[in-house]
Undergrad: 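The structure's right below; bear with me while I get my questions together.
Below, read A as the first sequence line, B as the second, and so on, with proteins coming before strands; counting in each chain starts at 1.
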Amino acid sequence: MQLKLSAEDAAFREELRTFFTTQVPAEIREAVLARRELTKDQFVQSQRILNAAGYAVPHWPVEWGGRNWTELQRHLWHEEMQRAGVPAPLAFNASMVGPVIAAFGSQEIKERFLPATANLDIWWSQGFSEPDAGSDLASLRTTAVRDGDHFVVNGQKTWTTLGQYGDWIFCLVRTDAEVRKQAGISFLLIDMTSPGLEVRPIELIDGGHEVNEVWFTDVRVPAENLVGELNKGWDYAKFLLGNERVGVAPVGATKRVLAEAKKWAAEVGQLDDPLTAARIAELENDLLALELTAVRVAANSADGKPHPASSVLKLRGTELQQAVSELALDLAGPAGLSCFAGEGALAPEWSRRSTPVYLNLRKASIYGGSNEVQRQIIARTILGL
Amino acid sequence: MQLKLSAEDAAFREELRTFFTTQVPAEIREAVLARRELTKDQFVQSQRILNAAGYAVPHWPVEWGGRNWTELQRHLWHEEMQRAGVPAPLAFNASMVGPVIAAFGSQEIKERFLPATANLDIWWSQGFSEPDAGSDLASLRTTAVRDGDHFVVNGQKTWTTLGQYGDWIFCLVRTDAEVRKQAGISFLLIDMTSPGLEVRPIELIDGGHEVNEVWFTDVRVPAENLVGELNKGWDYAKFLLGNERVGVAPVGATKRVLAEAKKWAAEVGQLDDPLTAARIAELENDLLALELTAVRVAANSADGKPHPASSVLKLRGTELQQAVSELALDLAGPAGLSCFAGEGALAPEWSRRSTPVYLNLRKASIYGGSNEVQRQIIARTILGL
Amino acid sequence: MDFTFDDEQQALREAVRGLVGKRYGDYETRRRTVAGEPGFDEELWQRLAEMGVLGLPFAEEDGGVGAGPVEVGIVAEELGRVLAPEPYVAAVVLAGGLAAELGTPEQRSALIGPLAAGETLLTFAHAEAGSRWQPTAQAVRAERDGDGWRLTGTKEPVPHGVRADQLLVSAALPDGGTGLFWVTGDAEGLSRTTSRTIDGGRSARVDLERCPAQPLGAGGDATAAIERALHATRVAAGNQAVGTMESALRITAGYLTSRKQFGVTLNTFQALTFRAADLYVALELTKSLVGWATMVEAEDPDSLADAATRASLQVCRAGRLIGQEAIQLHGGIGMTAEYAIGAHTAHLVALEQWLGTGSHHLGALAVTVADHAEVDPIR
Amino acid sequence: MDFTFDDEQQALREAVRGLVGKRYGDYETRRRTVAGEPGFDEELWQRLAEMGVLGLPFAEEDGGVGAGPVEVGIVAEELGRVLAPEPYVAAVVLAGGLAAELGTPEQRSALIGPLAAGETLLTFAHAEAGSRWQPTAQAVRAERDGDGWRLTGTKEPVPHGVRADQLLVSAALPDGGTGLFWVTGDAEGLSRTTSRTIDGGRSARVDLERCPAQPLGAGGDATAAIERALHATRVAAGNQAVGTMESALRITAGYLTSRKQFGVTLNTFQALTFRAADLYVALELTKSLVGWATMVEAEDPDSLADAATRASLQVCRAGRLIGQEAIQLHGGIGMTAEYAIGAHTAHLVALEQWLGTGSHHLGALAVTVADHAEVDPIR
């Protein structure tokens with residue numbers, strides 16, 4: 001048991017803090033802090049700055065840009081990034097397809113994709129969910145049929161986040177319909193400019209365009225774009241989803257919004273309201289417990305496999321993210337009605353953003369393994385129920 | 001839609017209020033208000049006063065002491081009784097076995113038992129639950145085998161509330177083991193002084209002795225003590241449990257404790273603490289909503305069958321009963337440690353009672369159809385899920 | 001106390017339900033309607049006028065029907081059930097209610113008859129930057145100009161503030177207090193910008209620059225009347241929210257019985273059906289409290305403030321719970337604008353933003369908690 | 001920051017777990033033990049002394065072992081896991097901690113050595129009628145009597161106040177402030193009455209009537225030291241509560257997989273297993289926060305008050321949730337004294353009553369919320 005960071009880790013943290021707050025453009029970080037939607041260019045610019053400094057994919061194998069940090073260092077990196085308002089490296093690249101390719105791809109596929117993936121030269125989209133395969137992902141129906149040295153892909157993916165920016169999409173496709181549903185799935189990389197591939201926007205309840213449907217009609221995909229072995233895709237997906245959960249607890253970002261919310265509360269004369277103060281104090285404590293749990297769990301997952309308690313992080317992390325967005329909604333009060341009024345409104349930006357952000361974050365407990373799925377994992381895997 | 005009571009109902013309410021607060025001894029009502037456990041004599045004395053005035057079993061058929069009141073009047077009766085600290089007529093008598101005998105018993109059984117039941121000359125115990133038949137009541141195993149003009153009863157009942165005072169016990173017994181489990185059950189009345197019947201106390205977590213086990217070893221019961229038809233007991237039990245739920249939402253009693261809790265809060269200097277005040281205000285509102293729902297539901301169940309929303313009353317009623325007991329626990333603070341110190345302690349009685357009452361009321365969401373059973377009823381019966 | 005509706009009230013409910021159900025029963029129509037200006041269906045508004053619905057709360061001599069809060073509540077609940085975007089509560093209950101209470105006979109006949117007839121849309125411009133549902137005005141100030149008055153300042157957000165033909169505007173009076181003024185839509189110095197609210201409604205920024213205005217009624221401090229009108233509006237909006245919540249629960253239960261995951265319908269999963277049961281509990285409790293507050297408004301107006309605040313707190317608590325859980329129980333599809341459920345959640349949010357959040361109402365109740373021994377709803 | 005225990009700490013845990021597990025692994029033994037006086041097992045207390053556990057936090061020159069809060073926390077967690085009724089935290093951490101901090105060398109050698117050796121049971125008599133966990137005394141007053149002092153007034157509740165051989169007593173000083181005094185168990189004017197707490201512990205009313213007393217250390221105002229000791233006690237009690245909660249969850253999960261209803265084991269019901277999952281979440285969060293507070297006490301004592309308050313809030317929240325749900329998930333059997341689960345709930349309640357409820361700790365945090373931009377646990 002040791003509270004204090006080692007001198008080395010303290011220096012590491014300081015170095016990151018300095019880098020993030022001086023090297024990533026203030027304009028990008030301010031957009032994050034104001035909870036605005038970022039442009040594609042802002043994502044790309046930020047990730048390239050990180051990648052140039054070796055801060056984009058530290059958890060990858062060293063030969064592909066990894067840094068061999070301790071789990072605690074990774075945690076500090078993640079927290080400092082969020083704290084400074086630096087957009088995290090695109091999860092589809094850095095946390096999803098990258099690690100899968102690095103772990104299961106051929107040398108050729110690694111060379112072809114990993115450097116471009118780390119640098120966001122390729123923007124990856126995720127093609128997992130389908131209209132009838134949500135929490136029950138394994139019942140997916142998009143097919144890839146071998147035809148010479150190509151696969152021919154037909155079907156539909158949905159909830160493809162930021163798919164409108166995508167260059168390539170990594171997909172789970174059914175390559176054998178005869179076997180038990182988990183056994184006939186493969187992991188395929190598809191160029192989104194391929195003929196027959198169409199991206200259609202889905203409007204969300206906050207009025208934004210963040211997710212998409214992706215339709216495949218006789219899309220021809222070179223066979224060499226298969227990652228790993230045929231029909232082993234479910235294993236790779238489980239590997240990936242395990243990674244996804246660890247990154248998904250947005251502790252630092254939620255802390256940052258809560259710190260902002262205190263300023264907002266003061267602005268609207270509510271910070272000295274005892275009920276508001278108590279609500280904030282309780283949220284601060286809840287977040288503290290979550291942050292400490294993230295550190296504790298990180299330290300226990302040194303073998304690279306996610307600790308089963310990572311479901312705790314996802315579940316509680318999204319609950320608190322939503323609770324803080326609800327606080328902001330309440331602080332904004334009537335000004336939240338001006339949500340789409342733009343700069344012409346008197347209401348300050350934070351209060352206008354509060355309404356769509358609150359609604360948008362309803363997704364947090366649904367996407368990336370719903371909170372029901374997380375409870376199921378905890379009950380079964382940890383409690384043996 | 002009509003807010004105000006009719007002149008007739010207003011007079012009715014006033015009459016009850018006067019009766020309860022002047023005719024039932026202050027000592028008994030004070031014991032209720034102080035959340036003490038009542039003695040058997042206090043229960044009996046109070047119920048006989050009510051019965052003499054026609055206030056013990058108003059919902060029974062008129063020929064057996066019923067009053068043919070409207071549902072609103074029954075509600076007012078119930079609320080005013082709780083408000084005044086008058087112990088409700090013993091539920092086992094007034095709400096359980098009495099209505100079952102009145103509805104399904106022979107004329108002979110009615111004459112033999114109903115007057116004595118209304119007047120608490122017989123103290124009834126309930127013999128339904130068994131160690132392996134809790135929420136799944138129909139899997140009960142206590143048997144009654146016909147032997148000439150008797151049944152011979154063997155088995156064990158449990159959770160028999162106040163069974164230590166019981167003169168008679170009404171039991172669900174298995175009279176046919178060959179059929180589907182609900183179909184082989186009968187409803188039998190058993191004299192608790194019968195040889196082979198033994199009552200054993202169960203100590204509860206609050207240190208009190210409120211429930212018991214009842215053991216039957218070759219207990220001979222005259223066949224005429226069967227209520228209604230052989231093997232129809234499950235229907236009678238369902239009828240009874242439906243009644244039970246309606247009476248179980250303790251709105252008036254909980255309101256009364258909350259009103260007391262405000263005095264306690266003032267006593268310990270917490271009533272002007274904004275967090276405590278807000279908590280009380282929220283509880284008052286929750287109870288108001290529950291009380292109004294009780295009135296609304298009462299009005300919609302005029303055919304004598306419980307409105308399906310009566311599950312709402314049980315579920316929410318026990319939640320709020322528990323929440324108010326938790327408030328009292330918090331107000332008592334360190335004084336609650338003196339819970340078993342008696343009058344020798346400096347801590348006032350309310351603060352000493354707060355701890356055992358809080359623990360004791362954990363039962364409220366378990367007994368009489370657990371809150372899980374209530375949710376199941378709502379989901380299935382009302383929402384069609 | 002009696003929560004049942006009489007035959008006439010039942011008939012009113014069925015008539016309104018028939019009309020708005022026909023119009024918005026298909027959610028796509030509602031979505032299209034709020035996408036275009038003015039954000040509601042002018043034709044439906046006329047049909048409501050013809051049906052007498054827009055004149056319900058007003059005296060017959062003012063051109064109304066002489067009905068009361070219960071009838072208004074029935075209409076609001078039915079509008080809420082289909083998320084009808086028509087500004088019934090804002091125009092009829094709030095703005096119309098103020099005109100009826102404070103207006104001179106001439107003003108009432110100029111404003112209420114046309115409002116009831118669907119010819120004039122009226123709104124109440126009251127909220128200001130930084131205000132939190134209080135009944136007073138500060139940012140917009142009234143000044144005398146000869147025999148008349150002029151108003152200067154900005155109101156935001158104002159419900160349907162651009163489409164409105166006539167505006168009632170609250171303003172700080174030179175000698176203190178908050179006055180209530182009538183400003184015509186074509187007044188000089190008046191400029192308005194509209195925007196969408198999260199539920200597809202319309203809200204405006206209204207700038208007044210020495211804008212000529214006529215005091216409503218005898219003039220003077222109108223704070224108490226504004227407060228009463230806001231509370232009556234909360235009661236009507238509570239009824240509207242009940243309709244929306246009931247609809248959200250119905251849609252959610254329907255989804256649970258039809259959507260399959262892991263080879264079975266979702267209602268196979270007890271963790272989900274139990275949560276749906278909790279939503280039902282919240283809804284039933286809310287119906288009771290809103291119904292009661294509606295009766296209090298009708299029969300015991302002195303208790304309106306307390307009853308409206310209590311009902312609002314319950315509406316807000318249930319609205320958050322049902323709004324959040326309805327989406328969660330749907331999963332991904334609940335996040336999409338194409339599907340109806342999210343709009344229910346959004347509407348419940350917008351109602352709170354307009355009339356006060358749960359925290360706000362709880363704060364009001366908390367300060368009065370020592371003033372009474374218990375809350376007795378039976379009169 | 002590192003949450004892992006070193007080998008020595010691990011060995012300590014296993015030794016304590018072995019000892020108390022052997023004694024109280026069968027719940028019936030625990031039940032019997034608390035039914036008789038003094039409410040704990042004197043023999044086990046001796047064994048703990050022999051193991052060095054009672055001397056853990058004290059300096060070697062005072063007769064202790066010179067270990068720290070982490071080791072104390074390990075012991076407390078293991079005691080909490082089996083609901084061991086021995087007054088470890090009250091006697092060693094709270095009373096012993098005060099003696100160690102304030103006592104003169106003579107007082108320390110008279111009190112701490114015997115405490116560590118299991119020869120003298122020490123307690124801190126502090127709470128008074130109406131007090132709510134504040135570090136000051138009012139009802140018991142100290143007055144000078146020649147060279148010495150006498151105390152008059154009543155302390156209640158006092159943990160193990162009758163069994164205790166020696167008492168430390170807080171008292172209002174004649175010139176203001178709260179002093180800390182040593183009163184021997186056989187002092188004249190001292191009378192004591194014991195009673196059971198809800199979890200089978202012992203609490204006393206202690207009446208002092210001009211009872212001779214010796215100031216601890218140099219005398220004077222000891223408020224700050226009392227406050228520090230209470231916070232250190234909260235940290236240790238938090239560790240104890242973690243043990244109890246972990247045990248409650250383990251028992252509950254075991255029950256869900258073995259108890260049958262409707263022909264299947266209870267873990268078939270998703271609504272129940274999901275709630276168990278929520279308990280696990282609460283427990284993990286609590287472990288983290290309590291572990292952190294323990295490290296803060298060890299390495300950053302200036303932040304002890306903040307860390308102890310934060311840990312206590314989380315312990316109270318999780319304690320209520322787990323305590324209530326553990327019984328509910330058991331059903332009827334959870335209500336019986338024969339079965340272990342209810343005693344876990346009762347113990348969590350008694351810890352709160354002793355050291356402060358969630359409402360109390362939240363109130364303390366709420367007033368400081370504007371003092372910092374964020375809470376950064378990493379030092």
Undergrad: Taking everything shown except B:Arg380 itself, do over 12 heavy atoms lie less than 6.0 Å from its CZ?
TA: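 No, CZ of B:Arg380 has 12 or fewer neighbouring heavy atoms, counting only those of other groups under 6.0 Å.
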Undergrad: Measure the shortest side-chain to side-chain distance between D:Ile198 and B:Phe340 over non-hydrogen atoms and say whether it is less than 4.5 angstrom.
TA: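 Answer yes - side chains close enough.
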Undergrad: Any side-chain heavy-atom pair from D:Leu266 and B:Glu372 closer than 4.5 angstrom?
TA: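 When only atoms from C-beta onward are counted, B:Glu372 and D:Leu266 do not touch, as no gap falls below 4.5 Å.
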Undergrad: Does atom CD of D:Gln261 have more than 12 heavy-atom neighbours, drawn from other residues, nucleotides or ligands, at distances under 6.0 Å?
TA: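 Above 12, so yes.
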Undergrad: Under a 4.5 Å heavy-atom cut-off, does chain D meet the side chain of B:Glu267, its backbone, both or neither?
TA: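 Contact with chain D is absent: no heavy atom of B:Glu267 under 4.5 Å.
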Undergrad: What are the two closest non-hydrogen atoms of D:Ser359 and B:Arg279, and how far apart are they?
TA: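 Minimum heavy-atom contact is OG-NH1, 3.5 Å.
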Undergrad: May I ask you to check whether B:Glu326 and D:Gln324 show a side-chain donor-acceptor distance below 3.5 Å?
TA: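 Yes, a side-chain donor-acceptor pair sits under 3.5 Å.
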Undergrad: Within this structure, what is the CZ-OG1 distance for the pair B:Arg362 and D:Thr345, rounded to the nearest 0.5 Å?
TA: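 So the CZ of B:Arg362 and the OG1 of D:Thr345 are separated by 8.5 Å.
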Undergrad: Determine the option with the most heavy-atom pairs under 4.5 angstrom with chain B, choosing from D:Gly200, D:Ala337, D:Gly342.
TA: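 So the answer, after comparing D:Gly200, D:Ala337, D:Gly342, is D:Ala337.
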Undergrad: Could you tell me whether the side chain of D:Trp354 reaches within less than 4.5 Å of the side chain of B:Leu337, counting heavy atoms only?
TA: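 Heavy-atom side-chain distance check passes, below 4.5 Å.
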Undergrad: With a 4.5 angstrom heavy-atom cut-off, is it the side chain or the backbone of D:Ala350 that approaches chain B, or both, or neither?
TA: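 Both backbone and side chain.
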Undergrad: About how many Å separate SG of B:Cys339 and CZ of D:Arg196, when rounded to the nearest 0.5 Å?
TA: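 The SG atom of B:Cys339 is 8.5 Å from CZ of D:Arg196, to the nearest 0.5 Å.
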Undergrad: Any idea which heavy atoms bring D:Pro157 and B:Ser338 closest together, and the distance?
TA: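 Looks like CB-OG, 4.0 Å.
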Undergrad: Can you confirm whether B:Ile205 sits close enough to D:Thr336 that some side-chain heavy atom of one is under 4.5 Å from a side-chain heavy atom of the other?
TA: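 The answer is no, as the side chains (C-beta and beyond) never meet within the 4.5 Å cut-off.
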Undergrad: Quick one: pull up CG in B:Asn371 and CD in D:Gln328 and give me the separation to the nearest 0.5 Å.
TA: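 Output value for this atom pair is 6.0 Å.
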Undergrad: With a 4.5 angstrom heavy-atom cut-off, is it the side chain or the backbone of B:Ala332 that approaches chain D, or both, or neither?
TA: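 Answer is backbone: N, CA, C or O of B:Ala332 sit under 4.5 Å from chain D.
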Undergrad: I'd like to know whether CZ of B:Arg141 has more than 12 heavy-atom contacts from other residues, nucleotides or ligands below 6.0 angstrom.
TA: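 Counting other residues, nucleotides and ligands, CZ of B:Arg141 stays at 12 neighbours or fewer.
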Undergrad: Most heavy-atom pairs under 4.5 angstrom with chain D, which of B:Leu329, B:Leu275, B:Asp206?
TA: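 Of the options given, most contacts go to B:Leu329.
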Undergrad: B:Ser365 versus chain D, heavy atoms under 4.5 Å apart: side chain, backbone, both or neither?
TA: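 Contact with chain D involves both backbone and side-chain atoms of B:Ser365.
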Undergrad: Surrounding CD of D:Glu338 (heavy atoms of other residues, nucleotides or ligands, distance under 6.0 Å), is the total greater than 12?
TA: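 Open.
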Undergrad: Using the rule side-chain contact (heavy atoms from CB on, under 4.5 Å), only one of D:Lys155, D:Arg205, D:Glu128 pairs with B:Leu346; which is it?
TA: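 Result for side-chain contact (heavy atoms from CB on, under 4.5 Å) with B:Leu346: D:Arg205.
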Undergrad: So for B:Pro131, is it side chain, backbone, both, or neither that comes closer than 4.5 Å to the heavy atoms of chain D?
TA: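 The answer is the backbone of B:Pro131.
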Undergrad: Given the options D:Pro159, D:Ser195, D:Ala129, D:Gly130, which has more heavy-atom pairs under 4.5 Å with chain B than any of the others?
TA: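 Most heavy-atom pairs under 4.5 Å with chain B: D:Ser195.
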Undergrad: Where on B:Leu331 is there a heavy atom nearer than 4.5 Å to chain D: the side chain, the backbone, both, or neither?
TA: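 Contact with chain D: backbone only.
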Undergrad: Which of the residues D:His330, D:Arg275, D:Lys260 is involved in the greatest number of heavy-atom pairs with chain B at under 4.5 angstrom?
TA: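 Max contact count across the listed options: D:Arg275.
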Undergrad: Rounded to the nearest 0.5 Å, how far apart are CD1 of D:Ile333 and OG1 of B:Thr158?
TA: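 If we round to the nearest 0.5 Å, D:Ile333:CD1 and B:Thr158:OG1 are 8.0 Å apart.
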Undergrad: Excluding sequence neighbours, so at least two apart, what forms ring pair (Phe, Tyr, Trp, His ring centres under 6.0 Å) with D:Trp133?
TA: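 Once residues adjacent in sequence are excluded, the partners of D:Trp133 under the ring pair (Phe, Tyr, Trp, His ring centres under 6.0 Å) criterion are D:His360.
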Undergrad: Measuring heavy-atom distances to chain B, does D:Leu355 have an atom under 4.5 Å in its side chain, in its backbone, in both, or in neither?
TA: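 Nothing of D:Leu355, per the 4.5 Å heavy-atom cut-off to chain B.
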Undergrad: Could you tell me whether the side chain of D:Met335 reaches within less than 4.5 Å of the side chain of B:Tyr367, counting heavy atoms only?
TA: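 Yes, at least one pair of side-chain atoms sits under 4.5 Å.
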Undergrad: Just give me the residue among D:Ser131, D:Gly323, D:Ala127, D:Gly332 that pairs up with chain B most often, heavy atom to heavy atom, under 4.5 Å.
TA: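 Highest number of pairs under 4.5 Å: D:Gly332.
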Undergrad: Side chain, backbone, both or neither: which part of D:Arg202 has an atom under 4.5 Å from a heavy atom of chain B?
TA: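 For D:Arg202, neither part sits under 4.5 Å from chain B.
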Undergrad: For salt bridge (Lys or Arg N to Asp or Glu O under 4.0 Å), just list the numbers for B:Asp132 and D:Arg259, CA-CA rounded to whole Å, side-chain angles, deciding distance to a tenth of an Å, and then say yes or no.
TA: CA-CA 9 Å; B:Asp132 288 318; D:Arg259 165 77 170 173; 3.5 Å; yes
Undergrad: Which atoms form the tightest heavy-atom contact between D:Phe262 and B:Asp136, and what is the distance?
TA: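 It is N-OD2, 2.7 Å.
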Undergrad: Can you see which heavy atom on D:Ala346 is nearest to which on B:Leu359, and at what distance?
TA: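 Of all heavy-atom pairs spanning D:Ala346 and B:Leu359, the closest is CB-CD1, 3.8 Å.
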Undergrad: Considering only heavy atoms from C-beta outward, does the side chain of B:Asp330 approach that of D:Arg320 to under 4.5 Å?
TA: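 Sidechains of D:Arg320 and B:Asp330: in contact.
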